[in-house]
Amino acid sequence: MSSENGQAGGGAEGVPPEQLALIRESVRKAKTPRAKPRTWRGAALAKELPVARVLVDKGVLHLDRYFDYAVPEELDAEAQPGVRVRVRFGAGRHRVREGRREGGGLIDGFLVERLAESDYSGPLAALAQVVSPEPVLSEELLGLARAVADRYAGSLADVLQLAVPPRNARAEQRASPEPLPPPPAPEAGSWQRYERGAAFLESLASGGAPRAVWNALPGPQWSEELARAVAAALASGRGALVVLPDGRSVARVDAALTSLLGEGRHAVLTADAGPEKRYAQWLAVRRGSVRAVIGTRAAMFAPVQDLGLVALWDDGDDSHSEQHAPQPHAREVLLLRAAQDKCGFLLGSWACTVEAAQLVESGWARPLVAGREQVRGAAPLVRTVGDGDLARDEAARAARLPTLAWQAVRDGLRQGPVLVQVPRRGYVPRMACAVCRAPARCRHCSGPLETRDGGALCCGWCGREEGGWHCPECGSFRLRASVVGARRTAEELGRAFPAVPVRTSGREHVLDTVPGAPALVVSTPGAEPVAEGGYAAALLLDGWAMLGRPDLRAGEDALRRWIAAASLVRPQSAGGTVVVVAEPTLRPVQALVRWDPVGHAVRELAERAELGFPPVSRMAAVSGPGEAVADFLRTAELPPEAEVLGPVPLPVAAAGRPRRAGAPPPGEQWERALVRVPPGKGAALAAALKAAQAARMARGSGSGSGTGVWVRIDPADIG
DNA sequence: AGCACGCCGACT
DNA sequence: GTCGGCGTGCTC
């Protein structure tokens with residue numbers, strides 16, 4: 001053993017190891033600028049780079065930094081950057097047993113870097129174990145995770161939990177297949193329908209990094225178009241990654257890729273494969289055996305080597321929001337990836353989010369759109385029935401459905417399947433006066449009134465039951481809930497066309513496809529089956545419910561769901577007709593009629609900019625017990641531009657309902673403040689919130705102790 | 001979160 | 001003198 005590596009280093013010759021801890025204070029005072037790696041007696045250290053910088057795998061914010069450990073000689077070869085390690089961690093008793101210092105428990109971590117010296121002046125503990133020599137955490141993945149953690153005021157360890165799947169020894173032992181040579185560049189195919197479609201593919205195929213927001217034409221070609229974009233990136237010798245909102249869309253792109261490139265060129269990363277298979281797939285990607293990845297949101301971190309393209313389909317779908325801390329959105333993660341890896345970026349949807357419009361407006365991405373004549377050729381005819389029409393239409397009131405809608409369904413059923421889009425079950429709309437449409441509110445707390453399963457009218461905030469409601473505006477005693485009406489309407493439609501089969505698709509039972517024969521297909525938004533040859537008609541019944549939501553995204557969301565359903569309908573030239581039951585003067589309804597989701601998003605963006613709403617400004621939500629929120633806001637050193645809105649009381653959750661992350665426990669009164677910063681100050685806001693949170697945690701106001709707060713960047717359902 | 005260190009009052 | 005209270009701060 002060399003004295004340099006032994007406990008005798010640093011001028012503490014002859015001091016028994018137990019006493020080193022005692023003199024640590026004086027060592028620190030002496031401010032040894034760069035301590036030689038010292039460890040406790042006995043351990044011979046690696047000759048080269050004897051220090052391992054380790055990220056300790058604890059999602060706690062105040063531990064969100066690296067810790068240095070000594071590398072014992074026997075672990076030297078395996079202790080490479082990126083491997084999983086186990087280390088002793090914690091301010092436990094510094095017992096010395098069998099010549100080794102022990103303290104705290106063994107916890108997992110990642111080896112981030114090997115160094116010649118540590119800048120930590122205390123004695124280093126040794127790595128306890130290298131879990132496996134597989135370098136799972138590449139520099140790129142670490143950089144991405146760091147960027148995501150910073151963006152979302154979260155800890156690196158939390159993000160890595162999302163990015164690196166749990167180890168499976170059997171999968172690790174299996175050899176991954178040999179990589180295939182790049183395929184030839186694909187034909188442009190239906191990309192030719194877009195003004196810059198072919199150019200986009202050519203740029204990818206020749207090694208470029210084009211960035212586009214793609215407004216997809218209605219119809220089924222989108223999955224093949226995505227496959228061609230992947231093929232183009234592969235043709236350049238680089239990799240590609242596509243993130244999709246659900247298993248059905250993954251299956252479609254999977255099929256498109258297989259038919260375009262054959263088997264073996266792409267991996268499918270979804271949650272439903274078992275842990276061993278999933279990890280094996282992930283390893284094959286990391287090892288470079290497979291260069292293209294498709295999958296749902298967990299795939300956004302897939303360790304594709306030498307990325308040429310990241311693509312996302314339908315970013316407005318809320319399943320792109322990760323449910324686990326710090327709840328990153330796939331679009332934002334892929335944006336960070338594209339910036340970091342300098343690769344191509346493709347954000348595609350039939351609809352258009354405000355965020356997508358912003359990417360174009362800022363000049364970061366270019367629009368990839370079809371000309372108006374292409375849109376007219378691909379979209380169905382859209383007609384509206386508003387409340388006014390409904391009131392004037394005597395027959396409609398009796399039949400509970402406007403004449404126009406009946407006609408569309410009847411005519412459609414002569415040509416093929418007809419889609420009826422109804423609101424999700426369990427989705428509770430706001431109740432309103434049936435006469436004057438004034439929202440029905442709780443007389444105690446002004447919360448929204450809802451009907452429970454039993455049919456009783458209750459307040460959604462305070463839970464009080466409302467026995468004798470009458471409208472404070474017009475005195476009417478009649479309430480309206482269009483959701484109930486829509487379901488009943490769908491049932492009545494079925495009875496009205498007894499010769500036609502009725503098929504339903506919803507949360508519990510999602511149909512993938514339906515045949516091209518006449519049928520009524522009743523579906524909730526997002527569960528619409530694809531009809532062979534397209535639907536002859538669609539009836540969109542939940543407009544009132546969707547637009548009535550008190551959410552910033554209500555309009556955008558309603559339009560997106562309508563567009564998604566209407567995109568499954570045949571073009572107008574083939575007789576495709578869509579009837580939407582919603583007020584025709586409303587902006588999203590007009591955008592649907594004109595088939596102009598991009599225009600809608602651009603107008604929304606302008607409005608958000610004017611009002612200081614996200615995504616133009618960045619927002620964060622701070623929620624928790626009122627005292628904790630107030631204390632957090634008092635102590636946080638927010639950037640000077642930050643504006644604090646609230647705090648306001650959050651609705652009290654009724655018992656028995658599933659509790660979302662960041663929501664108060666049932667019966668507890670929480671408050672929520674929103675913090676807003678102007679464009680460009682998002683990073684500063686996140687950093688300030690993270691620092692404040694870390695300081696509070698270190699002081700013992702952890703989330704478990706009841707005084708903790710939840711911090712969420714880009715909160716959903718605001719205002 | 002744990003857990004040791006440290007600086008104050010009652011004890012053999 | 002010294003045992004032990006919990007308030008503070010660290011974990012390589």
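Computed from a prediction, not measured in an experiment: that's the story for all the values here. Chain letters run A, B, ... following the sequence lines, proteins first and then strands; every chain starts at 1.
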Would you mind reading off the distance between [X] atom [atom1] and [N] atom [atom2], rounded to a whole angstrom?
X: A:Asp64; N: B:dA1; atom1: CG; atom2: P; result: 18 Å
X: A:Lys58; N: C:dT11; atom1: NZ; atom2: C1'; result: 9 Å
X: A:Ile107; N: B:dC3; atom1: CD1; atom2: P; result: 14 Å
X: A:Tyr69; N: C:dT11; atom1: OH; atom2: P; result: 10 Å
X: A:Phe89; N: C:dC10; atom1: CZ; atom2: P; result: 12 Å
X: A:Leu124; N: C:dT11; atom1: CG; atom2: P; result: 12 Å
X: A:Arg65; N: C:dT11; atom1: CZ; atom2: P; result: 7 Å
X: A:Phe110; N: C:dC12; atom1: CZ; atom2: P; result: 19 Å

Examine the side chains of A:Ser155 and A:Asp64 and answer whether a donor and an acceptor come within less than 3.5 Å of each other.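 The criterion, which ignores hydrogens and geometry beyond distance, is not satisfied for A:Asp64 and A:Ser155.
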Would you call the rings of A:His320 and A:His329 parallel, tilted or perpendicular if under 30° counts as parallel and over 60° as perpendicular?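 Taking A:His329 first and then A:His320, their aromatic rings sit tilted (interplane angle of 30° to 60°).
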Within-4.5 Å side-chain heavy-atom neighbours: A:Phe345 and A:Leu335: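 Yes, side chains in contact.
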Point-to-point distance, once rounded to the nearest 0.5 Å, from CG of A:Leu307 to CD of A:Gln340: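 A:Leu307 atom CG to A:Gln340 atom CD measures 10.0 Å (nearest 0.5 Å).
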Under 5.5 Å between ring centres and under 30° between planes: does that hold for A:Tyr120 against the base of C:dC12?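 Yes, aromatic ring over the base.
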